[in-house]
Each structure stands twice: as structure tokens, then as C-alpha cells.
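Beneath this line is the structure, given in C-alpha cells, with notes to follow.
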Amino acid sequence: MSIQSHLQELKRRHAAIEQELNREMSSPASDPLRVAELKRKKLVLKDQMSKLNPTSTVH
């Protein structure tokens, strides 16, 4: 897998977790542990993307 394709996959997974996090946080019965887990996963992906492309900015 090339670096670019790996980076694209990480971005896709990051966006999917962002959507799941938004759904979880907007739910009246949101689970704080689940929210924390999703935030941690999102941060791990962001760190991996930064290592592959230090000039990239991910929100």
C-alpha cells in the first residue's frame, strides 16, 4: 500500500469516527465512555496521519 493510499484510508476512518462521535454526542443517552473511546481513536488516527504527512492539517 502506498503512503498516499494509506493516508487516504486513515482520513476515511477519521471522518467515519467523527460522524459516529457526533451521533453519540447528540444522543440524549450518550455514553461518556464511548465518547472518550471515539475521541481517543480519532486522536490516534490524527497522529498517524501527521507522521505520514507532517504538512497536512486534519480537523
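In this view, Gln48 satisfies the side-chain hydrogen bond (donor to acceptor under 3.5 Å, both in side chains) rule with no residue, not counting sequence neighbours. When the side-chain hydrogen bond (donor to acceptor under 3.5 Å, both in side chains) test is applied to Ser2, the partners found at least two apart in sequence or on another chain are Ser5.
Heavy atoms only, all atoms of each residue included: Leu45 and Ile17 are closest at CD1-CD1, 3.5 Å.
Atom NE2 of His14 is separated from atom NZ of Lys46 by 6.5 Å, given to the nearest 0.5 angstrom. Leu38 contributes atom CG, which lies 10.0 Å from atom CG of Asn22 (distance to the nearest 0.5 angstrom).
Both Ile3 and Leu10 belong to a common hydrophobic cluster when Ile, Leu, Val, Met, Phe, Trp and Tyr are linked at side-chain heavy-atom distances under 4.5 angstrom.
Among residue pairs with one or both ends in residues 22-38, those qualifying as salt bridge (charged side-chain N to carboxylate O under 4.0 Å, His left out) are Glu20-Arg34, Arg34-Glu37, Glu37-Lys41; sequence neighbours excluded.
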